[in-house]
Participant: 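Okay, handing you the structure first.
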Amino acid sequence: MNDGVVFLNQNLLWPVIIVGLVLWVVFIWKEWSQRKERRFYVKLIASFLAIVSLCMIVLKPSTYQESERGKGIVLTAGYSPTQLDSLKSIYKRIKTEEYTKGRTLSLLTDVDSIFLLGHGLEAFDFWQVENKSVAFLGSDEIEGWTVISRNNEMILGEPLEIRAKYAKPKAGHWAILADNAENPLDSVLFEETDAQVVTLSAEPKASGKFVYHLLEKRGDGEVVSNEPVPIQVKEGRPLKILMVNTFPTFETKYLKNFLTEKGHEVLARTQLTKGKYKFEYFNGASGSMYGFTSENLKEYDLLIIDTDSYTGLGRASKEAMEEVAESQGLGVFVQAGEGLFRLSKSQSPFQFNRDYVTEIVLGQPAQTLSKYPYEFKETLRSQEILMDSVAVAAYLPIQKGKIGTTLLQNTYQLILDGKEALYAQIWTQILNNIAKEQESMLKWTAITQIPRRDEPFQFEVQTPLTDFQVQVNDDEIIPLLEDVLVPNKFTGVVYPKKTGWNQLRVFSDSILPLSYFVYEDEELQSIGQSEIMKVNYRKFGSKNTFDDSASILNKELEPVSPFWFYILLLFSLGWIWLEPKLSY
């Protein structure tokens with residue numbers, strides 16, 4: 001199949017045509033005296049063919065031909081030699097090349113189908129095989145850490161919880177979470193299994209940028225692997241909190257004291273009798289509040305209200321609370337009571353299932369806490385707040401704001417038992433998830449999950465600002481590409497020059513920067529390999545053969561062999577030379 005004739009020397013087409021016509025006219029003029037003889041027309045045809053042959057030799061006519069140029073093998077890190085030998089036994093002279101990230105594969109110019117062995121190509125090198133048929137064969141199962149999950153940023157007072165998955169652990173080895181000086185903070189013993197998920201926790205004592213370590217140790221204490229776990233711990237901002245109760249309780253008393261000690265501005269209203277209230281002011285709080293209005297609620301970050309007060313809200317007060325939550329981002333926390341679990345769907349946004357479990361276990365060492373005999377019903381909107389993989393609370397988004405509650409009861413007993421740290425972790429985790437989020441003029445998102453030195457680190461910026469520049473290393477401005485579909489969203493790429501903590505910031509502005517951690521080449525190798533394989537399977541699928549219907553056929557310009565034009569020229573000129581001699 002072809003798509004017509006194309007001249008390689010297309011730019012010479014008209015000059016060649018003009019010169020050819022001139023030559024033919026000269027030949028006709030020279031032989032014009034013989035026009036009445038039959039041989040004149042024979043020589044006329046011969047001369048025309050000779051001139052056409054010369055023109056074709058100069059213009060080089062070509063056609064687009066579809067052709068399969070063969071198969072090749074690309075070897076990436078972690079490939080199986082057995083798999084390679086098997087392919088070579090089937091395809092005796094198949095071309096093979098080892099992949100180096102960032103470098104162009106040379107064999108791609110000679111093949112249209114490739115077997116991809118090993119962990120696969122880096123995502124930024126996929127462009128090299130866009131027009132090829134790829135059979136991704138993968139590699140043997142990866143050993144070591146394949147997932148390390150945690151919050152990269154957290155508020156001081158929240159517990160640090162790390163969930164990690166280890167492929168093919170060895171019985172008797174230990175997974176240990178250590179601080180920057182490699183002092184152990186938590187540990188889990190490995191079992192003999194295909195894969196084991198471990199949960200490790202710690203309590204950051206200060207704010208700042210830290211690098212924890214996830215260690216694997218043998219039973220004799222020898223370190224097998226050491227993976228960095230970078231964490232940013234930020235100071236929690238002081239919140240403006242309104243507490244509303246129908247009557248004083250120990251739960252409210254201790255929660256109020258905890259919030260006050262943390263420096264939050266608290267206004268507490270407790271109902272004494274119908275229409276009469278007691279107001280308490282802490283850390284600069286002032287004023288009084290009897291009914292809710294949009295005006296008096298918009299100044300607060302968090303409303304803590306007990307079940308009786310929540311169900312007793314008048315229509316105007318409830319509408320004002322919901323309006324401020326939707327438009328201003330107010331967080332509403334309903335202190336659970338027995339009545340909350342009996343409310344209908346029209347009275348409460350929460351849904352529960354009875355589970356008859358009245359206790360849960362949290363913390364290290366383990367501590368038993370009382371709970372209501374219910375569990376949160378899973379819905380599309382419901383977001384659980386977890387501690388030690390246990391749902392201690394949940395919230396529902398209300399446009400900019402949230403409304404949440406907890407299943408726990410009598411948490412003040414932790415303070416009476418001397419467990420102040422666990423009490424602080426629980427309430428910091430719950431209230432930070434529900435309180436009004438601090439609005440920022442700029443939101444950073446790191447797209448590249450494992451940044452490495454001299455490799456592309458991709459990030460996103462969302463901002464209403466129209467005139468801003470992103471800077472790195474205090475002097476280099478990063479070009480940004482605006483998203484055509486999402487307004488005020490930009491993407492950029494930077495190549496980090498050093499390992500450890502790096503930073504991007506907005507040029508000449510005090511907006512919070514993006515801090516990200518750049519890993520050494522030997523760090524997080526098994527996780528990086530696992531992620532690369534997942535990306536390659538998503539890109540190429542898991543078929544180990546080529547799909548003939550989807551096989552790529554390359555269309556290339558194939559010149560018509562000049563041999564035939566030379567033959568035609570030789571015969572035409574030969575006849576013109578020989579014809580006069582035959583006439584005598």
Participant: Taking N502 for its side chain and S515 for its backbone only, find out whether a donor-acceptor pair lies under 3.5 Å.
Facilitator: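 Between the backbone of S515 and the side chain of N502 there is no qualifying donor-acceptor contact (under 3.5 Å).
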
Participant: Please report the interatomic distance CD1(I176) to CG(L214), rounded to the nearest 0.5 Å.
Facilitator: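 If I round to the nearest 0.5 Å, the distance is 9.5 Å.
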
Participant: Short question: side chain of N226, backbone of L215 - any donor-acceptor pair under 3.5 Å?
Facilitator: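 A pair under 3.5 Å: no.
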
Participant: Going through the checks in order, is the side-chain contact (heavy atoms from CB on, under 4.5 Å) test met by L407 and V392?
Facilitator: CA-CA 6 Å; L407 300 173; V392 296; over 6 Å; no

Participant: Work out which heavy atom in F457 is nearest to a heavy atom in A446; give both atom names and the distance.
Facilitator: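 Shortest heavy-atom separation between F457 and A446 comes out as CZ-CB, 3.7 Å.
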
Participant: Given F115, which partner from the list F540, Y79, F136, Y91 fulfils the ring pair (Phe, Tyr, Trp, His ring centres under 6.0 Å) test?
Facilitator: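 Of the listed options, the one satisfying the test is Y91.
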
Participant: To the nearest 0.5 Å, what is the distance between OG (S225) and NE2 (H173)?
Facilitator: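 It is 10.0 Å, given to the nearest 0.5 Å.
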
Participant: Between K132 and V111, is there a donor-acceptor pair closer than 3.5 Å when you use the side chain of the first and the backbone of the second?
Facilitator: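 Yes: the side chain of K132 pairs with the backbone of V111.
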
Participant: Please tell me whether S106 and E97 have a donor and an acceptor in their side chains that are separated by less than 3.5 angstrom.
Facilitator: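 Indeed, the side chains of S106 and E97 share at least one donor-acceptor pair under 3.5 Å.
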
Participant: Quick check: closest heavy atoms across L49 and S572, and the distance to 0.1 Å?
Facilitator: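 Scanning both residues, the minimum pair turns out to be CB-OG, 3.5 Å.
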
Participant: Using only heavy-atom distances, determine whether the side chains of E191 and Q196 contain a donor-acceptor pair under 3.5 Å.
Facilitator: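 Side-chain D/A pair, E191 to Q196: absent.
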
Participant: How long is the straight-line distance from CD of E122 back to CG of N536, given to the nearest 0.5 Å?
Facilitator: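 Result: 8.5 Å between the selected atoms.
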
Participant: Under 3.5 Å, is there a donor-acceptor pair between the side chain of R150 and the main chain of P230?
Facilitator: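 Checking the backbone N and O of P230 against the side chain of R150, a donor-acceptor pair under 3.5 Å is found.
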
Participant: Indicate whether the side chain of Y166 and that of E216 have a donor and an acceptor atom separated by less than 3.5 Å.
Facilitator: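 Yes, side-chain donor-acceptor contact under 3.5 Å.
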
Participant: Hey, is the main chain of V486 close enough, under 3.5 Å, to the side chain of N488 for a donor-acceptor pair?
Facilitator: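 Side chain of N488 to backbone of V486: no pair is present.
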
Participant: Below 4.0 angstrom, N of the basic side chain to O of the carboxylate: do K217 and E222 qualify?
Facilitator: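 No, this pair does not count.
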
Participant: For the pair T445 and L514, evaluate side-chain contact (heavy atoms from CB on, under 4.5 Å) and give the outcome as yes or no after the intermediate values.
Facilitator: CA-CA 8 Å; T445 304; L514 170 65; over 6 Å; no

Participant: Please give me the minimum heavy-atom distance between V211 and P228, naming the atom from each residue.
Facilitator: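 Residues V211 and P228, closest heavy atoms: CG1-CB, 3.8 Å.
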
Participant: Are any non-hydrogen side-chain atoms of L524 and R452 less than 4.5 angstrom apart?
Facilitator: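 They are in side-chain contact.
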
Participant: If you draw a 6.0 Å radius around CH2 in W501, do more than 12 non-hydrogen atoms from other residues or ligands fall strictly inside?
Facilitator: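 Counting other residues, nucleotides and ligands, CH2 of W501 exceeds 12 neighbours.
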
Participant: Less than 6.0 Å separating the ring centroids of F490 and F468?
Facilitator: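 Yes, the ring of F490 comes within the 6.0 Å limit of the ring of F468, centre to centre.
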
Participant: Keeping the roles fixed (side chain from N9, backbone from L12), state whether a donor-acceptor pair exists under 3.5 Å.
Facilitator: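 No, because the side chain of N9 does not come within donor-acceptor range (under 3.5 Å) of the backbone of L12.
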
Participant: Does R103 offer a backbone N or O that forms a donor-acceptor pair with the side chain of Q128 under 3.5 Å?
Facilitator: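 Answer holds: yes.
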
Participant: Would you compute the distance between atom CD1 of I94 and atom CD1 of I73 and round it to the nearest 0.5 angstrom?
Facilitator: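 I94 atom CD1 to I73 atom CD1 measures 4.0 Å (nearest 0.5 Å).
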
Participant: Do K402 and Y395 form a cation-pi contact, if we require the NZ or CZ to be under 6.0 Å from the six-membered ring centre and within 45 degrees of the ring's axis?
Facilitator: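 Geometry flag: set, cation within 6.0 Å and 45°.
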
Participant: Closest heavy-atom contact between E235 and I155?
Facilitator: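 Here E235 and I155 meet closest at C-CG2, 4.5 Å.
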
Participant: Does F190 have more than 12 heavy atoms from other residues, nucleotides or ligands lying within 6.0 Å of its CZ?
Facilitator: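 Yes, enclosed.
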
Participant: If you count the non-hydrogen atoms of other residues, nucleotides and ligands that lie under 6.0 Å from CG in D220, is the total more than 12?
Facilitator: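 Yes - once you tally the heavy atoms of other residues, nucleotides and ligands closer than 6.0 Å, there are more than 12.
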
Participant: More than 12 non-hydrogen atoms from neighbouring residues, nucleotides or ligands closer than 6.0 Å to CZ on F124, yes or no?
Facilitator: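 Yes.
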
Participant: Please determine whether a side-chain nitrogen of the Lys or Arg among K168 and E192 lies less than 4.0 Å from a carboxylate oxygen of the Asp or Glu.
Facilitator: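 Result for this pair is no, no salt bridge flagged.
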
Participant: Is there a donor-acceptor pair closer than 3.5 Å between any side-chain N or O of H119 and the backbone N or O of I532?
Facilitator: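 Pair absent, no side-chain N/O of H119 close to backbone of I532.
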
Participant: I would like to know whether Q449 and E531 meet side-chain hydrogen bond (donor to acceptor under 3.5 Å, both in side chains); could you show each step before the answer?
Facilitator: CA-CA 9 Å; Q449 297 301 308; E531 290 301 316; over 6 Å; no

Participant: Might you confirm whether atom CD of Q10 has over 12 heavy atoms from other residues, nucleotides or ligands at distances under 6.0 Å?
Facilitator: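 Atom CD in Q10 is crowded, with more than 12 foreign heavy atoms closer than 6.0 Å.
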
Participant: Run the salt-bridge test on K497 and D454 with the 4.0 Å N-O cut-off and return the result as yes or no.
Facilitator: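 Not counted as a salt bridge, because no side-chain N and carboxylate O are separated by less than 4.0 Å.
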
Participant: Do the side chains of M154 and I231 get nearer than 4.5 Å, heavy atoms only?
Facilitator: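 Heavy-atom side-chain distance check passes, below 4.5 Å.
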
Participant: Given 3.5 Å as the limit, does a donor-acceptor pair link the side chain of E98 with the main chain of T76, or not?
Facilitator: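 The answer is no, because no donor-acceptor pair under 3.5 Å joins these two groups.
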
Participant: Would you please indicate yes or no on a ring centroid separation below 6.0 angstrom for F517 and Y519?
Facilitator: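 Yes, the ring of Y519 comes within the 6.0 Å limit of the ring of F517, centre to centre.
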
Participant: Nearest 0.5 Å, please: how far is OG1 in T96 from CG in L107?
Facilitator: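 Here the rounded value is 8.0 Å.
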
Participant: Can you see which heavy atom on G404 is nearest to which on I434, and at what distance?
Facilitator: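 In this case the closest contact between G404 and I434 is CA-CD1, 3.8 Å.
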
Participant: Take atom CG of D194 as the centre, draw a 6.0 Å sphere, and report whether it contains more than 12 heavy atoms from other residues, nucleotides or ligands.
Facilitator: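 Counting other residues, nucleotides and ligands, CG of D194 stays at 12 neighbours or fewer.
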
Participant: One pair to check against side-chain contact (heavy atoms from CB on, under 4.5 Å): T491 and F459. What are the steps and the verdict?
Facilitator: CA-CA 6 Å; T491 58; F459 62 91; over 6 Å; no

Participant: Taking S526 for the side chain and W145 for the main chain, is one N or O donor matched with an acceptor at less than 3.5 Å?
Facilitator: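 Side chain of S526 to backbone of W145, a donor-acceptor pair under 3.5 Å: yes, one is there.
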
Participant: Side-chain donor-acceptor pairs under 3.5 Å in residues 80-89, sequence neighbours left out?
Facilitator:
{"from": "S80", "atom 1": "OG", "to": "T82", "atom 2": "N", "distance (Å)": "3.4"}
{"from": "S80", "atom 1": "OG", "to": "Q83", "atom 2": "N", "distance (Å)": "3.4"}
{"from": "S89", "atom 1": "OG", "to": "S86", "atom 2": "O", "distance (Å)": "2.6"}

Participant: Using the rule side chain to side chain contact (heavy atoms under 4.5 Å, CB included), only one of T428, N433, I426, N432 pairs with I430; which is it?
Facilitator: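 Output: one option passes, namely I426.
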
Participant: Locate the shortest heavy-atom distance separating M533 from G138; write the atom from each residue and the value.
Facilitator: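 For M533 versus G138, the nearest heavy atoms are CE-CA, 4.5 Å.
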
Participant: Under 4.0 Å between a side-chain nitrogen and a carboxylate oxygen: does that hold for K539 and E130?
Facilitator: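 Looking at K539 and E130, the cut-off is met.
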
Participant: Other residues, nucleotides and ligands only: do more than 12 of their heavy atoms fall within 6.0 Å of CD on E437?
Facilitator: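 Counting neighbours around CD of E437, 12 or fewer heavy atoms of other residues, nucleotides or ligands fall under 6.0 Å, so no.
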
Participant: Are a donor atom and an acceptor atom from the side chains of Y516 and N152 found within less than 3.5 Å of each other?
Facilitator: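 No, no side-chain donor-acceptor contact under 3.5 Å.
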
Participant: Going through the distances and angles, do K443 and T463 end up as a side-chain contact (heavy atoms from CB on, under 4.5 Å)?
Facilitator: CA-CA 6 Å; K443 180 182 178 182; T463 176; over 6 Å; no

Participant: Between E520 and T499, does any side-chain donor sit less than 3.5 Å from a side-chain acceptor?
Facilitator: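 The answer is yes; a qualifying pair exists.
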
Participant: Hey, are the side chains of L21 and I51 touching, using non-hydrogen atoms and a 4.5 Å cut-off?
Facilitator: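 No - every pair of side-chain heavy atoms lies 4.5 Å or more apart.
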
